[in-house]
**Q** 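My questions all concern the structure below.
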Amino acid sequence: MKPSRPLLLDQIPEEWDLGDGPDYRRKQVTEWIFQKRANSIAEMSNLPAMLRQHLEATYDFTALKLTKLQGSADTTRKLLWELRTGDYIESVLIPASPDLFGERSDRFTLCVSTQVGCAYGCKFCASGLEGWKRNLTAGEIVAQILETERTIKTRINNLVFMGMGEPLANYKNLMQALHLINASWGVGIGARHITISTSGLAPQIRELADQPMQIRLALSLHGATDEVREQIMPVNRKYPLAELLDSCAHYQEKKRKMMTLEYILIEGVNDSLEQAALLAKHARRLHAKVNLIPYNTVEGLSWRRPSDPVIDQFADVVNAGHVTATVRREKGHDIDAACGQLRLKQLKADTVKV
């Protein structure tokens with residue numbers, strides 16, 4: 001199903017077709033969308049009726065609608081969105097996470113999707129179990145923030161591109177979305193409160209390093225040697241560790257900001273003390289901190305999380321290597337909060353209905 005009209009948010013204000021409307025109307029429309037958080041073009045009461053009619057005939061204002069909201073016992077909430085094309089994506093709202101990726105305690109962190117499905121096949125993740133379907137548009141990315149704020153009736157102040165999909169594989173649309181998100185006239189989230197998490201696309205990491213926004217970078221490492229990482233991250237065959245770590249060193253040199261190495265601990269796969277020591281070595285080189293994440297069980301996958309003593313011992317070795325390592329006892333374990341799980345359940349339910 002292909003929508004008949006483009007999304008208004010797929011364009012920056014300078015590109016909007018206002019018909020015969022004067023140019024100052026762009027500022028009014030921008031204020032309605034981003035400052036007043038309008039639900040529709042019809043709400044834009046200081047616009048002439050003819051301009052509102054033109055905008056409604058030219059653009060689609062609604063990018064997605066909330067299909068399901070699951071609230072966790074720890075107050076993490078997962079949102080399942082249906083797009084205009086009938087596809088499903090997910091966002092996860094994580095409240096009050098002290099220094100999750102930023103420099104301070106974050107009131108609300110939103111984990112945002114950038115693709116429908118994923119083509120990278122990380123072995124621990126549900127996002128790619130149904131394969132990759134398409135990239136999200138800039139408007140569909142931004143709409144996750146605006147619609148989440150409408151749902152919870154408060155502002156998001158920290159953003160993580162760590163939902164469904166590989167953000168850097170949708171680089172062009174991601175950059176346009178970031179322009180709308182970061183702008184003072186737009187969503188208004190500062191670059192230092194935005195983190196992009198990548199599975200390791202080395203060329204795009206270098207490209208991201210050379211653009212001016214001070215966005216934070218998180219690398220899904222999950223293995224400290226090529227042999228171990230390739231079991232978990234197929235992308236490592238294309239961009240092995242030497243090339244990947246060089247690209248991250250370039251990013252760190254350009255940005256001068258501490259990056260994060262994400263490391264999901266999987267029993268018997270990457271939880272040895274040898275891996276811990278090598279992980280500390282990589283983190284020292286990149287001046288990175290380490291987030292250790294015990295594996296979050298995914299239906300249909302055979303991985304298991306290590307025992308707490310193994311997790312703690314692994315963390316002790318990393319910390320002993322003069323690296324800051326935090327064990328993140330993930331929020332939302334009771335609401336399918338791992339990437340792609342809720343979407344996968346919805347797709348199966350839809351198949352049963354048919």
Side-chain angles (χ1 to χ4, degrees), residues 100-101 118 120-125 128 162 166-168 195-206 208-209 216-253 255 257-296 298 301-330 338-339:
L100 183 61
F101 290 100
C118 186
Y120 285 83
C122 302
K123 300 302 183 182
F124 56 85
C125 181
M162 193 198 280
E166 165 55 59
L168 296 185
T195 299
I196 293 175
S197 176
T198 178
S199 62
L201 276 61
Q204 287 91 330
I205 291 172
R206 289 182 175 274
L208 188 67
R216 295 181 178 276
L217 182 68
L219 173 66
S220 293
L221 191 63
H222 310 319
T225 60
D226 285 324
E227 180 183 10
V228 170
R229 192 168 191 262
E230 283 177 14
Q231 296 178 52
I232 305 167
M233 311 284 290
V235 70
N236 196 78
R237 300 187 190 103
K238 188 170 184 179
Y239 304 116
L241 273 176
E243 181 180 357
L244 175 59
L245 294 176
D246 281 350
S247 70
C248 290
H250 174 73
Y251 190 96
Q252 197 280 334
E253 181 181 351
K255 300 298 187 186
K257 289 289 181 182
M258 181 174 283
M259 64 176 293
T260 301
L261 300 182
E262 298 161 340
Y263 197 97
I264 291 179
L265 286 163
I266 305 169
E267 184 182 69
V269 177
N270 66 350
D271 60 348
S272 71
L273 299 186
E274 290 80 8
Q275 287 289 300
L278 285 170
L279 174 59
K281 179 181 176 182
H282 298 326
R284 279 198 308 274
R285 175 193 173 188
L286 298 174
H287 306 286
K289 62 181 178 180
V290 175
N291 270 348
L292 299 174
I293 311 165
Y295 177 66
N296 195 350
V298 174
L301 298 178
S302 58
W303 303 114
R304 296 178 58 177
R305 64 200 291 133
S307 66
D308 285 344
V310 169
I311 293 169
D312 292 339
Q313 194 173 15
F314 190 100
D316 288 344
V317 170
V318 178
N319 280 306
H322 306 288
V323 171
T324 300
T326 303
V327 178
R328 199 165 88 227
R329 312 287 179 178
E330 76 281 8
C339 295

**Q** Kindly check if the number of other-residue, nucleotide or ligand heavy atoms within 6.0 Å of CZ (R304) is above 12?
**A**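 No, because the 6.0 Å sphere around CZ of R304 holds 12 heavy atoms or fewer from other groups.
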
**Q** So, T326 side chain and R328 main chain: donor-acceptor pair closer than 3.5 Å or not?
**A**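 Here the side-chain-to-backbone pair does not exist.
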
**Q** Please examine the side chains of L217 and K255, heavy atoms only from C-beta on, and report whether any two atoms are closer than 4.5 Å.
**A**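 Not in contact.
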
**Q** Determine yes or no for a side-chain-to-main-chain donor-acceptor pair under 3.5 angstrom, with H282 supplying the side chain and A224 the backbone.
**A**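 Between the backbone of A224 and the side chain of H282 there is a qualifying donor-acceptor contact (under 3.5 Å).
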
**Q** On a heavy-atom basis, which atom in V317 and which in A277 lie closest, and how many Å separate them?
**A**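 Closest heavy-atom pair between V317 and A277: CG1-N, 3.8 Å.
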
**Q** Search all heavy atoms of G200 against all heavy atoms of Y239 and return the closest pair with its distance.
**A**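 Closest pair (atom of G200, atom of Y239, distance): O-CD1, 3.4 Å.
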
**Q** Mind checking whether T260 and L219 have side chains closer than 4.5 Å, heavy atoms only?
**A**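 T260 does not reach L219 side chain to side chain.
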
**Q** For the atom pair CG (L286) and NE2 (H250), what is the distance rounded to the nearest 0.5 Å?
**A**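 Rounded to the nearest 0.5 Å, the CG-NE2 separation comes to 13.0 Å.
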
**Q** For a quick test of reading the model, state the closest non-hydrogen atom pair linking A325 to V318 and the distance between them.
**A**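 Nearest pair, atom of A325 first, then V318: CB-CG1, 3.6 Å.
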
**Q** Once you round to the nearest 0.5 Å, how far does CG of L201 lie from OH of Y120?
**A**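 Rounded to the nearest 0.5 Å, the CG-OH separation comes to 4.0 Å.
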
**Q** So do C248 and I205 actually touch side chain to side chain, heavy atoms under 4.5 Å?
**A**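 Heavy-atom side-chain distance check passes, below 4.5 Å.
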
**Q** Could you measure the distance from the CG atom of L241 to the CE atom of M233? Nearest 0.5 Å is fine.
**A**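 One gets 10.0 Å once the value is rounded to the nearest 0.5 Å.
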
**Q** Looking at N270, is its backbone amide N or carbonyl O close enough to the side chain of Q275 to form a donor-acceptor pair, meaning the two atoms are under 3.5 Å apart?
**A**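 Side chain of Q275 to backbone of N270: no pair is present.
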
**Q** Check whether any side-chain heavy atom of L208 lies under 4.5 Å from a side-chain heavy atom of R206, and answer yes or no.
**A**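 L208 does not reach R206 side chain to side chain.
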
**Q** Check the pair I232 / V269 against side chain to side chain contact (heavy atoms under 4.5 Å, CB included), numbers first and verdict last.
**A** CA-CA 9 Å; I232 305 167; V269 177; 3.8 Å; yes

**Q** Can you check whether P240's main-chain N or O pairs, donor with acceptor, with D226's side chain at less than 3.5 Å?
**A**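 Looks like no, no N/O pair under 3.5 Å.
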
**Q** Is the closest side-chain heavy-atom distance between P294 and V327 below 4.5 Å?
**A**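 Sidechains of V327 and P294: in contact.
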
**Q** Measuring from L265:CG to Y295:OH, what's the distance to the nearest 0.5 Å?
**A**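 One finds 13.0 Å between CG of L265 and OH of Y295.
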
**Q** Looking only at heavy atoms, what is the nearest atom pair of R229 and G223, with distance?
**A**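 Answer, listing the atom of R229 first, then G223: CD-O, 3.8 Å.
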
**Q** Determine whether a donor-acceptor pair (N or O, by modelled atom type, separation under 3.5 Å) exists between the side chain of E166 and the backbone of S199.
**A**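 It does hold such a pair.
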
**Q** Would D271 and R305 count as a salt bridge (Lys or Arg N to Asp or Glu O under 4.0 Å) here? Give the steps.
**A** CA-CA 9 Å; D271 60 348; R305 64 200 291 133; over 6 Å; no

**Q** Rounded to the nearest 0.5 Å, how far does CG of L273 lie from CG of L278?
**A**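 Taking CG in L278 and CG in L273, the distance rounds to 11.5 Å.
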
**Q** Within this structure, what is the CD1-CG distance for the pair I264 and N296, rounded to the nearest 0.5 Å?
**A**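 If we round to the nearest 0.5 Å, I264:CD1 and N296:CG are 8.0 Å apart.
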
**Q** Quick check on side chain to side chain contact (heavy atoms under 4.5 Å, CB included): which of H222, Q231, E230 does N236 satisfy it with?
**A**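 When H222, Q231, E230 are each tested with N236, the side chain to side chain contact (heavy atoms under 4.5 Å, CB included) holds only for E230.
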
**Q** Could you walk me through whether I293 and Y263 satisfy the side chain to side chain contact (heavy atoms under 4.5 Å, CB included) test, starting with their C-alpha distance in whole Å, then the side-chain angles of each, then the deciding distance to 0.1 Å, before giving a yes or no?
**A** CA-CA 6 Å; I293 311 165; Y263 197 97; over 6 Å; no

**Q** Does the R216 side chain pair with the main chain of I196, one donor and one acceptor, at a distance under 3.5 Å?
**A**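 No, R216 side chain to I196 backbone: no donor-acceptor pair under 3.5 Å.
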
**Q** Looking at side-chain heavy atoms only, is the closest gap between T195 and M162 below 4.5 Å?
**A**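 Heavy-atom side-chain distance check fails, nothing below 4.5 Å.
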
**Q** Between K289 and L261, is a side chain to side chain contact (heavy atoms under 4.5 Å, CB included) present by the stated rule, with each step listed?
**A** CA-CA 6 Å; K289 62 181 178 180; L261 300 182; over 6 Å; no

**Q** Measure the shortest side-chain to side-chain distance between T324 and M258 over non-hydrogen atoms and say whether it is less than 4.5 angstrom.
**A**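 Counting from C-beta outward, T324 and M258 never come under 4.5 Å.
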
**Q** Report yes if some heavy atom in the side chain of S197 is under 4.5 Å from a heavy atom in the side chain of P167; otherwise report no.
**A**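 When only atoms from C-beta onward are counted, P167 and S197 do not touch, as no gap falls below 4.5 Å.
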
